[in-house]
Amino acid sequence: MDRTAVARVLDQIASYLELKGENPFRVRAFHAASKAVAGLAAEPADALADGSLAATKGVGQGTIAIVEELVRVGRSELLEQLREDVPAGLVEMLGISGLGVSRIRTIHEKLGIESLTELETAAREGKLAALPGFGAKTAENVLKGIAFLRRAQEFRLSHHALEEAELLRAALERLPGVDRALVAGEVRRRCEVVRELVLVLVADVPAADVFRSLALVPGVEEVAGADERRVTLRTPGGMSARIVVTPPVNLGAVFVQATGSEAHLAQLSDHAVEKGFSLNAVALWHGSEFVPTPDEAALYRALGLREVPPELREGTGEVTRAASGPFPRLLEPADLTGFLHCHSSYSDGAVGIEEMAVACREAGYAYMGLTDHSKAAAYAGGLSVDDLHRQWAEIDAVNARLSGIVVLKGIESDILADGSLDYDDATLAGFDFVIASIHSRFAMTEDEMTARVLRAMESPYLTILGHPTGRLLLSRQAYPLDLDRVFAKAAQAKIAIEINADPHRLDLDWRVLRRARDRGVMISIGSDAHNRAGIGNMAFGVGIARKGGLTREDILNCRPANEFLTFARARRPR
DNA sequence: GCCGTTTTCGGCCCGACTGTTTTCAGTCG
Ligand SMILES: [Zn+2]
């Protein structure tokens with residue numbers, strides 16, 4: 001069992017215990033343990049063996065026993081027991097914003113409801129609003145919540161999808177007759193959420209032979225009948241995976257089509273027809289003449305096009321673009337010199353400053369912009385002014401000790417409801433740079449929210465606007481915000497806007513990046529790391545930047561530390 | 001359940017909003 005699966009079990013245990021009315025601190029402990037496991041640097045079995053699991057904050061004897069059990073037998077006795085005691089539908093209801101344990105218990109006891117479907121019916125029929133403590137607004141929000149949850153259940157977050165895809169790819173590549181297995185589809189296009197996995201198998205044997213050996217792949221089941229070149233599977237993690245087999249000579253045609261998107265393929269097909277070609281499901285043809293496409297470049301070349309980077313294949317003009325010359329070199333992970341937006345154990349992070357800095361250095365960064373939560377974020381252990389002075393002293397000490405990495409004094413300051421930051425200017429002046437973001441009071445109109453953000457951008461100490469739309473992918477909608485006005489202000493005031501690289505956020509959305517860049521907005525990629533594993537977030541941020549067509553010139557933290565600091569200082573009063 | 005320690009128990013994250021009440025419980029970040 002991998003980190004994700006173990007973390008999920010621990011989360012589930014927490015939810016079931018919560019619904020059973022268990023000690024809330026025990027519930028919280030399981031949630032914390034889940035986060036800790038998800039943030040491990042190694043897989044659970046290895047972390048158990050080398051003692052790093054036991055050394056992790058938030059993991060004690062109880063968690064270790066469960067992880068051992070999960071690694072050994074793949075299931076948890078405690079969770080199985082809880083499943084018998086509490087209907088699974090009630091746990092699903094916890095995912096609805098506005099429903100907590102106490103309301104769910106009322107719903108269960110008074111209406112006998114055990115599933116989302118029943119809850120939906122009750123809300124429609126007015127039975128929910130009639131419950132004590134409930135009303136019309138609550139019922140309406142519950143219906144909205146159910147709709148959101150249903151849609152969310154069709155997708156997976158990109159990091160989970162990538163993990164599943166990679167495991168499946170490795171397993172498929174070991175099958176007899178398979179030369180190579182390649183991940184295609186939304187994962188390859190670096191989409192922010194993923195509906196299904198698509199993999200291409202290169203094989204010189206008939207597909208039927210390959211499919212017969214699928215039974216060798218552990219935990220995978222076939223869900224849709226195979227034809228002569230395709231089959232649909234269900235992965236151990238519950239994702240749908242489409243597998244396409246091709247001989248090497250047609251890999252280009254098949255890989256392009258397996259990668260998509262629909263919109264890209266439609267435009268590509270139109271272009272092909274114009275040039276006298278046709279692209280069917282398995283190969284490229286010029287009239288009645290077969291055209292070999294051993295790789296994607298061969299396919300695009302035959303059509304008179306430059307090879308389109310997979311991230312850009314979204315039908316947003318890239319085919320026309322590919323006819324007119326080479327694409328710019330998109331951002332690459334190694335272009336990043338600065339590791340920005342990370343938390344330490346001073347607020348809600350799991351590791352200390354020095355450990356994080358050393359890990360950043362190992363990952364190849366030249367500077368680390370530490371940004372713990374600010375004092376308004378009490379729930380996340382936000383720093384008081386006293387805490388700040390302690391932290392700054394420690395940063396100075398760490399910088400004196402370490403070579404090869406510089407720790408910068410930053411903060412993720414809350415933007416309060418009125419648009420002010422939650423430290424006074426004298427305190428803000430003590431930071432090397434300031435990220436400001438919204439963590440509360442989301443229920444505002446677009447005008448109010450825009451005014452709030454614009455007011456925050458008046459602060460001469462603000463360097464970067466953090467996770468600008470506040471979305472949590474598949475769990476919370478973005479708050480309304482007039483991005484065009486925010487971009488205009490950012491360009492004029494020389495404030496960078498963040499791509500938050502946490503796979504739960506990926507905010508800014510890639511669809512608006514080009515607009516921001518073309519208006520002269522500097523973009524910054526922030527990891528939002530809360531532990532060492534969070535260093536890996538940056539790869540997802542890079543994927544989103546590439547998807548938005550950005551290059552290293554567009555990104556603030558591709559610049560060396562001194563230029564980064566110059567950027568931050570340029571706005572400040574002298 | 002985890003943590004820390006005056007080491008085996010006692011405390012753990014709290015302030016503010018929201019929708020529902022008619023003075024506040026429940027939820028959220
Ligand atoms: Zn944040």
Side-chain angles (χ1 to χ4, degrees), chain A residues 7 9-37 53-69 76 78-79 82 93-107 123 128-145 343 345-350 372-384 387 412-418 422 437-444 448 466-467 470-472 475-479 500 502 504-505 507 528 530:
Chain A
V9 168
L10 293 168
D11 247 337
Q12 291 248 299
I13 290 174
S15 295
Y16 277 104
L17 290 174
E18 194 178 1
L19 283 163
K20 280 193 77 172
E22 262 282 353
N23 174 1
F25 296 107
R26 192 177 172 216
V27 172
R28 192 206 294 164
F30 272 108
H31 279 304
S34 167
K35 270 199 163 170
V37 168
L53 181 66
T56 304
K57 202 174 113 190
V59 175
Q61 282 312 307
T63 305
I64 288 176
I66 292 172
V67 175
E68 262 172 356
E69 193 186 0
S76 153
L78 174 59
L79 181 57
L82 289 166
M93 288 178 206
L94 276 177
I96 297 174
S97 174
L99 288 191
V101 172
S102 131
R103 287 194 169 136
I104 291 173
R105 212 177 287 142
T106 307
I107 290 168
L128 196 61
L131 287 177
F134 290 65
K137 276 235 166 84
T138 312
E140 197 182 308
N141 283 334
V142 163
L143 284 174
K144 275 189 200 152
H343 300 268
S345 43
Y346 274 81
S347 66
D348 60 349
D372 270 310
H373 284 287
S374 59
K375 66 178 179 195
Y379 62 91
L383 274 63
S384 69
D387 295 331
E412 181 180 15
S413 176
D414 263 42
I415 300 177
L416 303 177
D418 66 355
D422 66 341
S437 18
I438 289 179
H439 291 114
S440 59
R441 291 296 316 272
F442 301 114
M444 286 190 177
E448 288 166 346
H467 49 72
R471 75 175 178 191
L472 290 177
S475 90
R476 187 179 72 205
Q477 220 103 48
Y479 44 71
N500 189 291
D502 183 333
H504 296 88
R505 294 188 182 270
D507 171 20
D528 215 345
H530 285 73

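A note on names: the letters A, B, ... follow the listed sequences, proteins ahead of strands, and every chain is numbered from 1.
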Using atom [atom1] in both nucleotides, what's the gap between [N] and [M] to the nearest angstrom?
N	M	atom1	value
dC17(B)	dC12(B)	P	24 Å
dT6(B)	dG1(B)	P	25 Å
dA16(B)	dG10(B)	C1'	28 Å
dT20(B)	dT27(B)	P	13 Å
dT18(B)	dG11(B)	C1'	30 Å
dG4(B)	dC13(B)	P	12 Å
dC28(B)	dT22(B)	C1'	24 Å
dT21(B)	dG26(B)	C1'	13 Å

Please check this pair: side chain of [X] against backbone of [Y], looking for a donor-acceptor N/O pair closer than 3.5 Å.
X	Y	result
Asn141(A)	Thr138(A)	no
Ser413(A)	Ser374(A)	no
Asp507(A)	Gly470(A)	yes
Thr56(A)	Val59(A)	no
Arg471(A)	Arg476(A)	no
Asp528(A)	Asp502(A)	no

If I take atom [atom1] in residue [X] and atom [atom2] in nucleotide [N], what distance separates them, rounded to the nearest angstrom?
X	N	atom1	atom2	value
Lys375(A)	dC14(B)	NZ	C1'	16 Å
Leu383(A)	dC14(B)	CG	C1'	16 Å
Asn23(A)	dG10(B)	CG	C1'	12 Å
Arg441(A)	dC14(B)	CZ	P	22 Å
Lys144(A)	dT18(B)	NZ	P	14 Å
Leu10(A)	dC2(B)	CG	C1'	13 Å
Lys57(A)	dG4(B)	NZ	C1'	13 Å

At under 4.0 Å between heavy atoms, what does [X] touch on the DNA or RNA strands: base, sugar-phosphate, or nothing?
X	result
Ser34(A)	nothing
Ala380(A)	nothing
Phe25(A)	base

* If each of Ala443(A) and Thr63(A) is mapped to the nucleotide of DNA chain B with the nearest heavy atom, which maps nearer the 5' terminus, i.e. the 5' end? ->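 Going by which nucleotide is closer to the 5' end, it is Thr63(A).
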* Position toward the 5' end of DNA chain B (nearest nucleotide), Ile64(A) or Gly381(A) ->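 The residue mapped nearer the 5' terminus is Ile64(A).
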* Does dT8(B) have a Watson-Crick or wobble mate here (both distances under 3.5 Å), and if so which one? ->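 Per the H-bond distance test, none.
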* Once each nucleotide of nucleotides 23-29 of chain B is scored for protein heavy atoms under 4.0 Å, what B/S/- sequence comes out, 5' to 3'? -> ---SSSB
* To do: Could you list the residues that satisfy ring-ring contact (aromatic ring centres under 6.0 Å, His included) with His373(A), not counting sequence neighbours?
  =>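 By the ring-ring contact (aromatic ring centres under 6.0 Å, His included) rule, His373(A) matches His343(A), His439(A).
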* Could you give me the CA-CA distance, side-chain angles and deciding distance for Leu472(A) and Arg505(A), then say whether side chain to side chain contact (heavy atoms under 4.5 Å, CB included) is met? => CA-CA 5 Å; Leu472(A) 290 177; Arg505(A) 294 188 182 270; 3.9 Å; yes
* Asked: Quick one: which of dT18(B), dG19(B), dC13(B) gets closest to the side chain of Lys137(A)?
  ->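 For the Lys137(A) side chain, the nearest candidate turns out to be dG19(B).
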* Proximal nucleotide (of dG19(B), dT18(B), dC13(B)) relative to the Arg28(A) side chain ->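 Of all the options, the side chain of Arg28(A) is nearest to dC13(B).
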